[in-house]
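Heads up, the thing below is written out as structure tokens.
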Amino acid sequence: MAVRLCDVASLLRSGSWATEPWTGQVIAAMETQLSNGPTCNNTSNGPSTISNNCSSPVESGSMEDSKTNLIVNYLPQNMTQEELKSLFGSIGEIESCKLVRDKITGQSLGYGFVNYVDPKDAEKAINTLNGLRLQTKTIKVSYARPSSASIRDANLYVSGLPKTMTQKELEQLFSQYGRIITSRILVDQVTGVSRGVGFIRFDRRIEAEEAIKGLNGQKPPGATEPITVKFANNPSQKTSQALLSQLYQSPNRRLDNLLNMAYGVKSRFSPMAIDGVTSLAGINIPGHAGTGWCIFVYNLAPDADESILWQMFGPFGAVTNVKVIRDFNTNKCKGFGFVTMTNYDEAAMAIASLNGYRLGDRVLQVSFKTNKTHKA
DNA sequence: TCCTATT
């Protein structure tokens with residue numbers, strides 16, 4: 001299922017635009033996903049834990065721990081609740097799904113919850129979707145701990161760390177105070193060298209408090225300078241500057257610009273407004289239907305499923321929906337499916353990259369969906 | 001001197 005995508009990477013590498021910087025990111029994204037497969041500890045974009053606590057319930061939580069409720073971390077900023085539901089719904093029936101958003105701005109906080117009807121589907125989701133690359137993110141899928149006030153505000157900011165200290169050493173230093181959920185050392189983007197600052201998220205706030213008492217102002221073993229340990233800034237304390245810059249980077253602006261350049265269409269920044277404008281103007285744009293750009297994928301194998309479509313198209317950008325068309329009686333794929341993507345340029349890049357791609361012994365045909373039944 | 005993990 002997760003097979004053969006490395007072929008895409010080599011295909012991309014040999015392609016003419018494989019030298020563009022962000023294409024390289026896509027390749028790197030795919031290679032990470034495909035060589036490692038879904039893993040607990042993530043690669044470049046998110047904090048990770050070294051200890052094996054990625055999905056294990058708290059020991060003391062015992063029977064209370066849900067086996068159907070998952071927390072999904074490191075979601076792309078522009079991923080919506082519907083996309084989340086669509087992605088995880090490809091595994092099994094979902095009881096409920098929630099993307100957590102900032103109360104004031106409504107912006108995604110980059111994580112959410114998916115509660116399945118069947119515990120087996122929750123387990124399957126962890127096994128198949130944890131570590132999935134979506135755009136620049138590697139999502140993390142694990143069991144949600146029972147919600148309680150005691151697990152909130154347990155994130156510590158640590159500074160003054162020796163530049164040589166590894167993430168593992170950082171965890172070793174803090175693990176005496178409790179169960180570490182995530183840890184991270186920030187590094188210089190260019191050199192990759194430690195910036196001497198990092199984060200430790202504990203399971204419970206009291207553990208974090210004890211770690212501050214025990215380690216703030218102390219010198220780690222072998223260090224010459226003391227470290228500072230304090231509670232990390234709360235995301236809600238983000239400056240309005242940062243919020244404005246986030247809003248400014250809304251991906252719809254790019255679609256807006258593209259439409260403007262290609263068709264002279266003036267539109268607002270929401271897909272609804274764009275649909276309204278394009279339909280009013282009587283413009284027929286191939287593949288542009290409803291909430292995004294619909295892509296036709298032909299020559300899928302009979303056993304193809306939705307997850308292969310997510311895996312193929314996800315790395316190129318925001319995917320809102322995937323569908324494998326199946327025979328009603330046999331439930332086998334009829335050889336084709338559809339993928340909806342939000343942004344035109346990402347959809348175009350996915351088509352350019354995946355059209356002609358060999359999936360198993362089949363050569364896929366990938367294009368914008370045409371509307372052959374409604375000749376206007 | 002701040003990565004975004006508890007609805």
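Below, chain A is the first sequence line, B the second, and so on; all start at residue 1.
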field: Within residues 153-164 of chain A, residues whose heavy atoms come under 4.0 Å of DNA chain B
entry: Asn155(A), Tyr157(A), Ser159(A)
- request: Please step through side chain to side chain contact (heavy atoms under 4.5 Å, CB included) for the pair Leu354(A) and Phe316(A), ending with a clear verdict.
  value: CA-CA 10 Å; Leu354(A) 296 172; Phe316(A) 292 94; 4.0 Å; yes
OP1 or OP2 of dC2(B) under 4.0 Å from side-chain N/O of Asn233(A): no
Side chain of Ser147(A) (C-beta onward), nearest among dC3(B), dT7(B), dA5(B): dT7(B)
statement: Residue pairs meeting ring pair (Phe, Tyr, Trp, His ring centres under 6.0 Å), one or both in residues 146-201 of chain A, sequence neighbours left out, come to Tyr157(A)-Phe199(A)
message: Please determine whether a side-chain nitrogen or oxygen atom of Tyr74(A) lies at a distance below 4.0 Å from atom OP1 or OP2 of dT4(B).
response: no
- prompt: Starting at CZ of Arg101(A) and ending at P of dT4(B), how long is that distance when rounded to a whole Å?
  reply: 19 Å
message: Tell me every residue that passes salt bridge (charged side-chain N to carboxylate O under 4.0 Å, His left out) with Glu210(A), counting only those two or more places apart in sequence or in another chain.
response: Lys213(A)
query: Ala144(A) side chain: which of dT7(B), dC2(B), dA5(B) is closest?
result: dT7(B)
- prompt: Any chance CZ of Arg152(A) has more than 12 other-residue heavy atoms, nucleotides or ligands included, within less than 6.0 Å?
  reply: no
- prompt: Starting at CG of Leu186(A) and ending at P of dT4(B), how long is that distance when rounded to a whole Å?
  reply: 9 Å
message: Is it the case that atom OH in Tyr298(A) sees more than 12 heavy atoms from other parts of the structure closer than 6.0 Å?
response: no
task: Check every strand shown and say whether Ile71(A) touches a base, only sugar-phosphate, or nothing at a heavy-atom separation below 4.0 Å.
output: base
task: Please determine which of Thr68(A), Asn115(A), Asn69(A) meets the side chain to side chain donor-acceptor pair (under 3.5 Å) test together with Glu95(A).
output: Asn115(A)
task: Apply side-chain contact (heavy atoms from CB on, under 4.5 Å) to Asp303(A) and list each qualifying residue two or more places apart in sequence or on a separate chain.
output: Ala301(A)
statement: Note: contacts of residues 188-200 of chain A with DNA chain B (heavy atom, under 4.0 Å) are Arg195(A), Phe199(A)
- request: Provide, to the nearest angstrom, the distance between the NZ atom belonging to Lys137(A) and the C1' atom belonging to dT4(B).
  value: 8 Å
- prompt: Quick one: is Lys98(A) getting a side-chain N or O under 4.0 Å of the dT6(B) phosphate, OP1 or OP2?
  reply: no
field: ring pair (Phe, Tyr, Trp, His ring centres under 6.0 Å) contacts touching residues 75-123 of chain A (sequence neighbours left out)
entry: none
message: Side chain of Arg184(A) only, heavy atoms from C-beta on: which candidate in dA5(B), dC3(B), dT7(B) is closest?
response: dC3(B)
message: Less than 4.0 angstrom from a charged side-chain N to a carboxylate O is my criterion; do Arg145(A) and Asp203(A) meet it?
response: yes
- request: Spell out yes or no: do the side chain of Arg152(A) and the base of dT6(B) have one donor N/O and one acceptor N/O closer than 3.5 Å?
  value: no
message: Using a strict threshold of under 4.0 Å (side-chain N to carboxylate O), is an ion pair present between Arg204(A) and Glu207(A)?
response: yes
Whole-Å gap separating P (dT4(B)) and CZ (Arg201(A)): 11 Å
- prompt: Arg145(A) has an atom CZ; how far is it from atom C1' of dA5(B), in whole Å?
  reply: 7 Å
task: Please tell me which of the listed nucleotides, dA5(B), dC2(B), dT7(B), lies nearest to the side chain of Asn69(A)?
output: dT7(B)
message: Let's see if you can work this out: which of dA5(B), dC2(B), dT6(B) has an atom nearest to the side-chain heavy atoms of Ser142(A)?
response: dA5(B)
